[in-house]
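A note on names: the letters A, B, ... follow the listed sequences, proteins ahead of strands, and every chain is numbered from 1.
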Amino acid sequence: MAGKPAEQPPEGDRSEIDQQSGREGPLAISRSQKADGRALILYRDDRRADELERPA
Amino acid sequence: VSELRFEELRGEQVVYAIQRQDRTFLPARDHCPLDPTRPGGAETEIPFPAFEIAVFDNRFPAFEAPEGAAEVVVYTDDHDASFATLAPARAEALMWVWRHRYTELGAREDIDYVYIFENRGVEVGVTLHHPHGQIYGYPFLPPVAERELAADARLGGCAPCALLQRELEDGGRVIYENDGVVVYVPYAARWAYEAHVVMREHRASVRDCKPEELRMLAEALQTLTHGYDALFDRPFPYVMAVHQAPTAAASRPGAAAAGQGHLHVEFYPPLRTAEKLKYLAGSEQGAGTFISDTLPEESAAKLREAIARAG
């Protein structure tokens with residue numbers, strides 16, 4: 001795989017959640033930075049209940 | 001910062017991460033660092049009152065940029081859940097999180113191998129009971145991944161594809177299957193209740209899976225872990241190891257050929273009976289050869305029964 005530089009956490013308020021910063025399939029991704037500078041990523045599944053129904 | 005030293009006799013890297021000596025060790029229930037931060041309470045690793053799935057840089061990393069990565073994946077804000085008891089939609093969502101982290105970490109020049117895993121139970125060294133897994137981004141190709149590439153060369157093609165075909169033809173060790181995934185106790189299982197969860201189609205990584213395949217992978221993993229818990233009617237300890245294609249650039253040692261690698265998840269449970277642990281002792285540690293007390297075919301039959309019981 002071709003390499004590329006690491007993506008850096010966004011600047012901003014510490015321990016504050018950012019606006020939605022991306023998606024992966026059904027997941028909304030929000031990135032933030034902890035008080036000590038470590039990255040934190042939150043994933044939220046925003047599928048509706050009827051989209052989560054399983055095939056029989 | 002960790003230090004790598006190459007152990008010449010075994011031909012493998014040893015990682016010295018001495019900062020991990022002080023990591024949090026089995027904290028009291030109300031001091032779990034992976035719980036959400038309660039209003040008025042002390043801030044945990046996740047400074048929000050609720051969350052679905054969270055990933056963060058390990059506070060006590062074995063690897064860190066610019067020489068790798070160590071991340072923690074918290075499956076839920078429910079301290080008392082487990083991978084098996086997650087709602088099916090949450091387990092499926094976790095597959096997408098794996099996909100996201102594999103893609104992003106694998107694109108980094110300093111990471112040759114993205115390894116997603118879960119240690120469950122104090123028997124395998126768990127220090128936090130809150131349901132979570134980990135991701136290591138290795139700045140080199142670790143030995144097991146290297147051996148899997150060597151197996152491809154030895155068998156003249158994708159080794160997991162060939163082994164899956166053998167297991168399906170035999171059938172005696174298959175314990176669960178759906179349209180996308182097959183679960184079996186391997187012919188040469190090292191652990192008494194070892195199981196491999198293998199994609200039916202050749203998929204180098206989670207990145208190559210169709211959405212429906214990710215759903216079926218989650219379903220298979222939950223079916224197996226439910227079965228494990230039913231086997232001895234107790235929380236079943238295991239190491240869950242997600243094996244995928246290396247992500248090393250083509251110029252790096254151990255780089256995989258295009259399309260090489262086959263996504264599969266291996267489980268190494270240390271229990272050989274309800275109360276007895278398998279220890280890695282003289283033969284396993286000193287000679288590198290597992291001695292097993294159980295036949296894979298017999299373990300497969302017991303696991304099939306346990307999965308049926310777990311329903």
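- The salt bridge (charged side-chain N to carboxylate O under 4.0 Å, His left out) search around B/Asp35 returns B/Arg29, not counting sequence neighbours.
- B/Phe51 is not listed as a side-chain neighbour of A/Leu40, based on a closest heavy-atom distance of 4.5 Å or more.
- To the nearest 0.5 angstrom, A/Gln33 atom CD is 9.5 Å from B/Asp57 atom CG.
- For A/Leu27, the part lying under 4.5 angstrom from a heavy atom of chain B is the side chain only.
- When heavy atoms are compared at a cutoff of 4.5 Å, B/Arg252 does not approach chain A at all.
- Contact annotation for B/Glu45: both backbone and side-chain heavy atoms come within less than 4.5 Å of a heavy atom of chain A.
- The number of heavy-atom neighbours closer than 6.0 Å to CG of B/Asp179, taken from other residues, nucleotides and ligands shown, is 12 or below.
- Other residues, nucleotides and ligands contribute at most 12 non-hydrogen atoms within 6.0 Å of the CZ atom of B/Arg59.
- Interatomic distance, B/Glu71 CD to A/Arg38 CZ, rounded to the nearest 0.5 Å: 11.5 Å.
- With hydrogens and angles disregarded, no donor-acceptor distance shorter than 3.5 Å links the side chain of A/Asp45 to the backbone of B/Ala93.
- Residues forming a salt bridge (charged side-chain N to carboxylate O under 4.0 Å, His left out) with A/Glu24 (at least two apart in sequence, or on another chain): B/Arg99.
- Looking at heavy atoms from C-beta onward, A/Ile41 lies out of side-chain contact with B/Phe56 at the 4.5 angstrom threshold.
- Atom-to-atom distance recorded for A/Tyr43:OH and B/Arg101:CZ is 4.5 Å, nearest 0.5 angstrom.
- A salt bridge is absent between A/Arg47 and B/Glu52: the closest approach of a Lys/Arg side-chain nitrogen to an acidic carboxylate oxygen does not fall below 4.0 angstrom.
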